[in-house]
Amino acid sequence: MNGKCFEMGAIQAFLDGEASPELSLRLTDHVAACDLCARVLAEAEEESSIVFSMLEREMNVLVPTQRLWTRINETIEVEKSTAPIWEKALAFVRASLANPSLVAAAGIVIVMGIFMVVVTVSDRTGTEVAINAPSQVKISEAPVTVPAPDRSLVTPASTDSAKAPSVEVSSLPAKKLAAIVTQANARESQRAITPQTADYSTSSGDAYLPGEESYVKTISDLRQNVDLQKDTVLTPSTRVSYERDMAVVNDSIKRMRDVVKKNPRNQAARQVLYSSYQDKIDLLNSVAQREELMATLR
Amino acid sequence: MFEKIINLSCLAILLCLGTLCAGSAIAQDKKPPTPPKVKVATPIPDAAPPGFFGGDGVTSERSVMVDPNVAVKLCVSEGTLKINGWRRDEVRVFVKNGRRFELKELEKSAASGKVNWLWIGNMSEARPGPAAECLAGESIEIDAPLGSYLDLSGRAARTSIDSVKKVKIKIVEGVITLRNITGGINAYTSQGDVMVENSGGAIALESTTGNIVAVEVGPGQIGDLLRAKTNSGAISLQKVEHRQIEASSISGSVLFDGKFLTGGIYNFRTSNGSIKLAIPMASSCTFKATYGFGSFRSDIPLTIITENHSDTAKTVVAKIGSGAATVSLTTSTGSIGITGHKTP
């Protein structure tokens, strides 16, 4: 081997077809004149042929390749399905950014957004400056007020909180404030079921009559269940009867409530009212009873 | 201030992202149209047509020797059911054009060794269709001992029961007719009338949309209660000898034709209907009639005890004779009327 001989790597690249055309030309010229390189090339070519002959079966068979592609595709699908939402979103954004037109549109929108932010902030700053004017400072020093606990609010009759007197927050201890909040929450829960929420209510501003609350709550509970069932449980004819009877009972309740409100000492009206409430409960129970019987026979 | 800037920045970023998404969606190729989803109609179990009895359509008859006081439990999906009491210690079941059935012995009497608890039901298990365990047929006839206790439930059955000891029946649709039941009745139908005749014991009759009629019934023992309740129907009680009666309707009327017994407690109530009492002229009872917007009228001379005077919702407490029975009459918008007849 002289100084012009090629290295083994170059010879192997030539055999693998990876050498450049210039290198290939120089190597072939040199091999034609150099016995040593010609022998090395021949040995390398022989080794390559042996190796390729051994791998020929594996390389020519397509089935493992197809199987491999299938497995790759399946793996990709599984990874796609199990990937978190944020990864999918990220991949979607990346794919979207690859589109130059979309990038340009997004850039325009971003610039517009920044412009709007700047304009909005400048407007807000001007408004705050106006609020901090000397004439408004006095207002900010005034005590913040909240509605005081008013017993009239406990009943549903008075819902106008604007009429309630106010007390200064600064004059109340923290425990009392907490009690006010608790009472307010209790009032909200009491308002959940009231005569106003029932369909026989007369007008706004009604409070429970003595002994009426338990009836109203029972009816409300039953009605929630019956409203879900009656469309499926009742046949058209029974549904008509049910609605008619319900209208009769509601009308009776409404009229008797008005009478009792005008004259709370009228025991007869009170008795008829409670009797009508009981009728309504029985009516609602009849739907549940029918549903129960049908369920046992399925 | 700083929070507002952050909020506005977030808004702008969201706007940009939204635009990006919309642009990408527009730029994407249109997906091939997905094939329309076709709903496969599944058979609804409750939607069996009339006359469908599970596909059997056979006429069959079975019988079994039982204890005289046998308890018979059965349910009927649909059909006309007739149950009669007889003097044999045997239960015979005849089903015309219906499902095959079986008589299942649930318990035997230790003393007599005969069946004292019997179940009558569908033979084939896991049958599809409504009330799969129940009997069904064009007509179903059952003969049972006079001392039998029947526990019956059903969907759509026109039921007639005669001459057994005790009956408990609950059906969804159908008329119930009961005669000569001596040991008590508990009958409920959601849609249909209930008629009871010549029976005794504690009686509870209930219908949602039907009428209730009870004729010549009485208690089996002291304290037995007769309760009749309907929503849309009328209640008619004639020659009833129970000392405790509760009858209530919502939109129907209530009629009582009989006599009030000494010490009896009677309660009649309706919301929109009228209450009519036809009692002997020589009755002895104390009335408390409460009515909202209706009226009160009596053909029998009354002794008014108390009466409130108001435009609406009046109460009249009055006495006939010595006032031996207590009668409460309540109606909201209906009228209350008392008429007398000369029979003692």
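Only heavy atoms go into these numbers, but all of them, side chains included; no hydrogens, no water, no symmetry mates. Throughout, a chain's letter reflects where its sequence line sits, starting with A, and its residues are numbered from 1.
- For Gly292(B) against Val272(A), the heavy-atom pair with the smallest separation is N-CG2, 4.2 Å.
- Thr209(B) and Thr238(A) make their closest contact through CG2-CG2, 4.0 Å (heavy atoms, listed as atom of the first residue, atom of the second, distance).
- Distance check: Thr290(B) OG1 to Arg270(A) CZ gives 13.5 Å after rounding to the nearest 0.5 Å.
- Taking a 6.0 Å sphere around NZ of Lys276(B), one finds it holds 12 or fewer heavy atoms contributed by other residues, nucleotides or ligands.
- With a 4.5 Å cut-off on non-hydrogen atoms, Asn266(A) touches chain B through its side chain but not through its backbone.
- Distance OG1/Thr333(B) to CZ/Arg255(A): 6.5 Å, rounded to 0.5 Å.
- Per-residue heavy-atom pair counts under 4.5 Å with chain B were compared for Ile108(A), Val287(A), Leu283(A), and the maximum is reached by Leu283(A).
- Remark: Asp282(A) CG to Ser271(B) OG distance equals 11.0 Å, nearest 0.5 Å.
- Closest non-hydrogen pair, Gly154(B) versus Leu297(A), comes out as O-CD1, 3.2 Å.
- Looking at Asn308(B), only its side chain comes within 4.5 Å of chain A, counting heavy atoms on both sides.
- Proximity to chain A is limited to the side chain of Thr330(B), based on heavy atoms less than 4.5 angstrom apart.
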Atom pairs and distances, side-chain donor-acceptor, residues 288-296 of chain A, under 3.5 Å, sequence neighbours left out:
residue: Arg290(A); atom: NE; partner: Val233(A); partner atom: O; Å: 3.1
residue: Arg290(A); atom: NH1; partner: Ser190(B); partner atom: OG; Å: 2.8
residue: Thr296(A); atom: OG1; partner: Leu293(A); partner atom: O; Å: 2.6

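- In this structure, Ala268(A) and Ala313(B) approach most closely via the heavy-atom pair CB-O, 3.2 Å.
- Both the backbone and the side chain of Lys170(B) come within less than 4.5 Å of a heavy atom in chain A.
- In this structure, the portion of Thr331(B) lying under 4.5 Å from any heavy atom of chain A is its backbone and not its side chain.
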(request) Starting from the C-alpha separation in whole Å, work towards a yes-or-no answer on side-chain hydrogen bond (donor to acceptor under 3.5 Å, both in side chains) for Gln271(A) and Thr315(B). (result) CA-CA 10 Å; Gln271(A) 183 180 341; Thr315(B) 298; 5.0 Å; no
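- Among Ile171(B), Thr208(B), Asn231(B), the residue with the largest count of heavy-atom pairs under 4.5 Å with chain A is Asn231(B).
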(message) Under the criterion side-chain contact (heavy atoms from CB on, under 4.5 Å), I'd like the reasoning laid out for Thr235(A) against Glu173(B): C-alpha separation, chi angles, the key distance, then a yes or no.
(response) CA-CA 10 Å; Thr235(A) 59; Glu173(B) 293 176 23; 3.8 Å; yes
